[in-house]
Protein chains: 4
Amino acid sequence: MIGVGLIGTGFMGKCHALAWNSVGTVFGDVPRIKLVHLGEANDELAQRKGREFGFEKASGDWRAVVNDPEVDIVSVTSPNQFHPEMAIAALQAGKHVWCEKPMAPALAESQAMTEAARQSRKVAVLGYNYIQSPAFRHIRQLLDEKIIGDVNLVRIEMDEDFMADPDALFFWKHEAASGYGALDDFAVHPLSLISKLFGRVSRVMCDMAKPYADRQVAGGGRRAVETYDIASVLMRLENGIAGTLLVNRSAWGRKGRIAVQIFGSKGSIVFDQERFNELQLYVTSDRATEQGYRTILIAPHHKPYDRFIPAPGHGLGFNDLKIIECRELISKLEGKPAHIIDFDEGFEIERTVHAMADSFAKSAWVDVR
Amino acid sequence: MIGVGLIGTGFMGKCHALAWNSVGTVFGDVPRIKLVHLGEANDELAQRKGREFGFEKASGDWRAVVNDPEVDIVSVTSPNQFHPEMAIAALQAGKHVWCEKPMAPALAESQAMTEAARQSRKVAVLGYNYIQSPAFRHIRQLLDEKIIGDVNLVRIEMDEDFMADPDALFFWKHEAASGYGALDDFAVHPLSLISKLFGRVSRVMCDMAKPYADRQVAGGGRRAVETYDIASVLMRLENGIAGTLLVNRSAWGRKGRIAVQIFGSKGSIVFDQERFNELQLYVTSDRATEQGYRTILIAPHHKPYDRFIPAPGHGLGFNDLKIIECRELISKLEGKPAHIIDFDEGFEIERTVHAMADSFAKSAWVDVR
Amino acid sequence: MIGVGLIGTGFMGKCHALAWNSVGTVFGDVPRIKLVHLGEANDELAQRKGREFGFEKASGDWRAVVNDPEVDIVSVTSPNQFHPEMAIAALQAGKHVWCEKPMAPALAESQAMTEAARQSRKVAVLGYNYIQSPAFRHIRQLLDEKIIGDVNLVRIEMDEDFMADPDALFFWKHEAASGYGALDDFAVHPLSLISKLFGRVSRVMCDMAKPYADRQVAGGGRRAVETYDIASVLMRLENGIAGTLLVNRSAWGRKGRIAVQIFGSKGSIVFDQERFNELQLYVTSDRATEQGYRTILIAPHHKPYDRFIPAPGHGLGFNDLKIIECRELISKLEGKPAHIIDFDEGFEIERTVHAMADSFAKSAWVDVR
Amino acid sequence: MIGVGLIGTGFMGKCHALAWNSVGTVFGDVPRIKLVHLGEANDELAQRKGREFGFEKASGDWRAVVNDPEVDIVSVTSPNQFHPEMAIAALQAGKHVWCEKPMAPALAESQAMTEAARQSRKVAVLGYNYIQSPAFRHIRQLLDEKIIGDVNLVRIEMDEDFMADPDALFFWKHEAASGYGALDDFAVHPLSLISKLFGRVSRVMCDMAKPYADRQVAGGGRRAVETYDIASVLMRLENGIAGTLLVNRSAWGRKGRIAVQIFGSKGSIVFDQERFNELQLYVTSDRATEQGYRTILIAPHHKPYDRFIPAPGHGLGFNDLKIIECRELISKLEGKPAHIIDFDEGFEIERTVHAMADSFAKSAWVDVR
């Protein structure tokens, strides 16, 4: 039996609740999950969401969740700036922690979380769900098997358009206090993919840009935008692979694009999160006249798709990735190997992001470590 | 509070369980769902699946589910030939019924189910989940708004490859006793889409074919295949629209293809279930030099995608469609308008399939009614 | 040296002129081509086009072209109804003939042309250029090699939207005198592909439809449309393969779509003329976890692409297909094997189209021969 | 009448010959083209190609072409290192010059060519044919009309796989004497597109990489590779737009990819040369629920496609782009506005490439001018 606490009921809070709700039905071989305690900003919201999500208790004080003796693990899905305090409190209260990414706005806070996790000897993992898709996991297997030979280049783009409208009002994400911009919002996702496929980034050279210099303020007048919606990065990985990472949160038409291109000595792999039930593979072992990118539809033999659907090509959804992540988390709780990003690995990802920002500030290549 | 009974724990049984489990968390505004009683072929399996799926009771006799006084509605997900007996028993026991499609192998049985439903005055609906996808629902809205003008032609193909291997052994689906072949397996799905978009089919002209005349038998020797993996149908709808319906369950490379093409006087719509988070729209209202099929990614404004994910383009999965269907079913239980296929509408679909088979037998056009 | 006569300077006339102009430069190993005599509806137009196209002589009387002793072969690209008279006259004058498809509006006329060709013992071929694309030719080779095993089903659609506008005025193509409609305009193209890949059609069952019952007349008022923009056909080929042929010349959004799907016992092939520099191949010889449609870009090893461009994936154009056709025609003139459709084969194609129309009139299956 | 001289009969030589051969037939409104004199490396080859291509004279000495009084313009399609000498000689002999890109291996040579062109007052243009595609020309028009608002980011990738095979032998392109690598081979193409759409590049930051450190030598043993198959560049344009340029000539699976993404304040444009008869447009003026990338097929209203084919979506080929370029060149000869890249503009492109290489050498941002 696993007693679950949940803090936050927004996009990711609901996603965690769905995962905890479904992981047993999907996978079967997991302990019984008990939805114990839900925390939100106030009692009324907590009560309502507790009912909707099926939690036994609900309270307007997150500390009640963290300190609930029936709670074994706390899902932290609050806004990023609250992650450090909540995650550290939970760890210190002897709970396991499943925290949404990124860890924290400042690198020092991420480091504090990582240290708290080490000292607690509890499971402390991050919500990097894109690494869980069967297509991505199959890419990892293809690379392990050297199906495309030795990789020499990886290019990743991540683009959305939620900040693309120049007429949208100035809001907190345009303030420097919120971070660098697209770099914080997006770069950790592609870096989680790189981390799982290739390991650490060695050096970075970053440029950033603002599509719109200023924006209208709610009350009237205009205010200079302080964050960068666009970041473009040249990279070298520790294993010598060359790479580029291009992100843009003002990219009209892109909704959830994470476009990956991996080139090797015997083939290449192309993937786009907007069609994450497919992957493209080109191999030179095909006869020359029939070489071409194969569009592989995800099927039961691409684990753990089979736990959801026994027929090929029917498609998983974004929320299903969190269910898989939850299964991996449970494996980790059980002391088994788990395909998941813990605080140690997450900290390296965040260190890389800060190195990128540093590179831009210095207009020079920066070593990550 | 809704007390749920579930019969069957295969592909669709699990899918129903996941839907009942998640519908509250996803939609919020639904009564509390109580997973009361699960029925399977034997006690051991029932107990195990009951635990995995979170049901309170479990038994090896489906009648125990149907007669459980705590059960308000029964999900019937057993093999097709058991649908009539189970659904009718449940209706007669005063339960609502949510039965997987198709209703039954024989038309007379479907008719009996339909009559039992009418007499019971209970909610009796079918599991046609493809009509629930936000993209499909948006197509319906586009047609209602006459965005592509008056429709004059609809073409639908449904293809998979689970029977494409000529070296696979003869099994029960190759026997005439199992039905006509692809016509039963597949045609009801496209017909459910047609029913929701355009209404009833008027006349049909059908051809059927067998890719493989005989197959190896498990014990040795070969046996003639009695069912048809391929069916191709010319149609006229009651509203005058011309159409074609092409199905193939031996179509190598196709996994869950339901390819729809709708042509109207001011544009056209193209959709493929293999990429069901997208739809293609061509409209003549665009400037001539910029006319082209738009690939529209499903987003929160395509209801009820927003209940799952607040960000566009992140993708629903096949199992999510069943959650939406469950929400529609609950609307129907609540006496509200519901986008769902009840036994009456389902019976018309099955009547159309049988008319197709009849047309092939007669080698002539056949009126559906 | 080949002396060329050309009748007609419209879409196809220009296309022939370009082919005659370029075939030597592209292929190298052909006799010298001399553009001798161009014929058009009047002297002025003939003179102007003669200059533009580089012909030595030009005249407003097509018989001057046909009877010019310097002319060895006559390209007939005039409107269809003039084909029989011109082609027969040319053959009788001892010229080879390269006539655009279709042969003639009436089957009897096509037959007369075919007989004239036989008697003349001259080369008499038709302008079915879609069979010339390297991708199509590669499909033929893949089938010959049994890469997808034994074919059991072929589906072809041909759609354009040049008659899709309901507000366009009534014109001659809406009159019954112009033929059946989409069947004449389009069906010969897919049938040419079928002829080259699979041979003859055995039986057909055809339905036809009119998207728009009447249209505005130039002078005022409305007039009933007499031809059918939509035709849908069930087919059986002589070799037993099942098939469908669906055509629509009012299909908004489709510009030059000829979508081919070929299913076999070991794979499938998908092709669309709108992207005719690509083909899709699915084979079961790939490892299961990596099976998927390959998008094969046409490259120098797909002959005769190499004669145009030595680098892969750069793309041929529609007009290049006519240059390849011209090369094949020259092979035939030289007495060598040629991948081209002569009057005999073309007559079988037209017989099939007329059988389709007959089937629709009778509302029944019709044997082609 | 234009008297044409051609030097070189390889990939581009043939392409020029085809263009000169067809430009009159395609466009009609051009002076008569006379194929006067062809030059190749020796008399035998010159004679043979002269016959194939339809030239009146042919010689093994290119100076005979340059000095032929009947020649008005010289197409220079020899290997790059010969461009300066030949182009300058032709200009000094009073001929117009149509030279293939890039101008020359060394920037000083390009500069010498540019100065020779200025002094000659003759037309001197470069063979940047990708700017001629109707889709690209339409992109330019869309930008001029501000259909996607103000552009803030452009990303271009150019990838092919002709050097991707690690088992291919060491050859001259692996020697430093041949240039930098992919930067010379590819970067000029994307830069030509940028030049026509946005103007000049201001600053660059470049990284380069070698997929394979060494290669087998023909006679035995291995030799270190001295050139870089991969280059990745951060850019700023003079007008403030941010950009990236990524090239790779060892990119397995890519054949002629030039993938362009242009993001603006009101939409975005996506284009890939591998499907250059299409372009993708996303605009925010569409209703929110129907926004999506439109796949626009090139049609007669995208000039000058109509001069080749009167029907939409039938597709131009790579060689057709050179015919359009030839028409633009003729406009320039006629003193009319021409969409073409002359030596001045070409020199700026080459200056940018050399700045990229310089940036890599210095590991720092470099100003182009």
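Just so we're on the same page: letters track the sequence lines, and every chain starts at 1.
Heavy atoms closer than 4.5 Å to chain D are found nowhere in B:Ile298, neither backbone nor side chain. For B:His301, the parts sitting under 4.5 Å from any heavy atom of chain D are the backbone and the side chain alike. If you measure heavy-atom distances from B:Ala299 to chain D, you find no contacts under 4.5 Å at all. For a residue to count as touching a neighbouring chain, one of its non-hydrogen atoms must lie under 4.5 Å from one of that chain's; by this rule D:Leu281 touches chain B with the side chain only. Residue B:Leu279 does not touch chain D at all, counting heavy-atom pairs closer than 4.5 Å.
A pairwise comparison of heavy atoms in B:Glu290 and D:Arg294 identifies O-NH1, 3.0 Å as the closest pair. D:His138 and B:Thr289 make their closest contact through NE2-O, 3.4 Å (heavy atoms, listed as atom of the first residue, atom of the second, distance).
To the nearest 0.5 Å, atom OH of residue B:Tyr282 and atom OG1 of residue D:Thr295 are 11.5 Å apart. The distance from the CG atom of B:Leu297 to the OH atom of D:Tyr293 is 9.5 Å, given to the nearest 0.5 Å.
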